[in-house]
Amino acid sequence: QKEVEQNSGPLSVPEGAIASLNCTYSDRVSQSFFWYRQYSGKSPELIMSIYSNGDKEDGRFTAQLNKASQYVSLLIRDSQPSDSATYLCACWRGYQKVTFGIGTKLQVIP
Amino acid sequence: DVKVTQSSRYLVKRTGEKVFLECVQDMDHENMFWYRQDPGLGLRLIYFSYDVKMKEKGDIPEGYSVSREKKERFSLILESASTNQTSMYLCASSLATRRTGAYNEQFFGPGTRLTVL
């Protein structure tokens, strides 16, 4: 079982819709969770961090964490073509161990 | 804002050459990391450093070495480049790793796309 699992996609959503990106993790000691956006040919950019159960909102982005289910998600409201990118989920479980998922490719269709 | 810079965006080297990739961060971060990213494999940690002159192996250290002589600079060395080291190399830094929360947010440089012929 991979430490951090994401569906590689592509996930296609129409412009203006809500995009829902999901991630599960295997290690219950994971404490901090991050979402990165990576445009093709570019490096990952941190867009959201979440540390406790529940929702955290930042503009059009909402991160959701459920530690009991070992599940973290990212919702993008009013999706725009400029949101088309690969989204990486990452988990920190102590010391140096930040583990990245393989990423989900999102396509927003105009 | 955190700024992480890498010495080259694109690099072409020949098999057997010694290759140096350099990374500099300007936010006084304790930790620095080197990853490689390949299609279908995601980000894989090569080495990291939590202090000057300190280093620890990541998941795929074979064929690589690192150097951290100053806090802001972390170098990745390919002692004898091979074609299977053709990849995107990403440097990152974070404030600290022994604490929870934002201390572990990693900030990435622009990456170096290395091709070994």
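The basis for the numbers below is simple: all heavy atoms, side chains too, and nothing from hydrogens, waters or symmetry mates. Convention: sequence-line order gives letters A, B, ...; per-chain numbering from 1.
Residue A:Ser49 comes nearest to B:Glu105 through the heavy atom pair OG-OE2, 2.7 Å, listed as atom of the first residue, atom of the second, then distance. When all heavy atoms are compared, the tightest approach of A:Pro44 to B:Leu43 is CG-CD1, 4.3 Å.
Here CD1 of A:Ile102 is found 10.5 Å from CG of B:Asp38. Values are rounded to the nearest 0.5 Å. The line from CG of B:Asn104 to CZ of A:Phe34 is 5.5 Å long, rounded to the nearest 0.5 Å.
Hydrophobic clustering (side-chain heavy atoms under 4.5 Å, transitive across Ile, Leu, Val, Met, Phe, Trp, Tyr) groups A:Ile47 together with A:Ile76. Linking ILVMFWY side-chain heavy atoms closer than 4.5 Å, directly or via other members, places B:Tyr89 and B:Val19 in a single hydrophobic cluster. Cluster membership for B:Val52 and B:Ile77, using ILVMFWY side-chain heavy atoms within less than 4.5 angstrom, is not shared. Criterion: ILVMFWY side-chain heavy atoms under 4.5 Å apart, direct or through other members. Under it, A:Leu21 and A:Met48 are part of a common hydrophobic cluster. B:Phe48 and B:Val24 fall into different hydrophobic clusters, defined by Ile, Leu, Val, Met, Phe, Trp and Tyr side-chain heavy atoms under 4.5 Å apart, directly or through other members.
A:Ser43 contributes a side-chain N or O that, together with a main-chain N or O of B:Gly109, makes up a donor-acceptor pair within less than 3.5 Å.
Ranking B:Gly111, B:Pro110, B:Gly42 against chain A, the residue ahead of the rest is B:Pro110, based on heavy-atom pairs under 4.5 Å.
Residue A:Phe33 does not touch chain B at all, counting heavy-atom pairs closer than 4.5 Å. Residue contact with chain A, scored on non-hydrogen atoms closer than 4.5 Å, is absent for B:Arg44. For a residue to count as touching a neighbouring chain, one of its non-hydrogen atoms must lie under 4.5 Å from one of that chain's; by this rule A:Leu88 touches chain B with the side chain only. For a residue to count as touching a neighbouring chain, one of its non-hydrogen atoms must lie under 4.5 Å from one of that chain's; by this rule A:Gln6 does not touch chain B.
Heavy atoms from other residues, nucleotides or ligands lying under 6.0 Å from CZ of B:Arg14 number 12 at most.
Residues B:Phe108 and A:Glu45 are not in side-chain contact: their nearest non-hydrogen atoms beyond the backbone lie 4.5 Å or more apart. Put simply, the side chain of A:Val98 reaches to within 4.5 Å of the side chain of B:Gln106, judged on heavy atoms.
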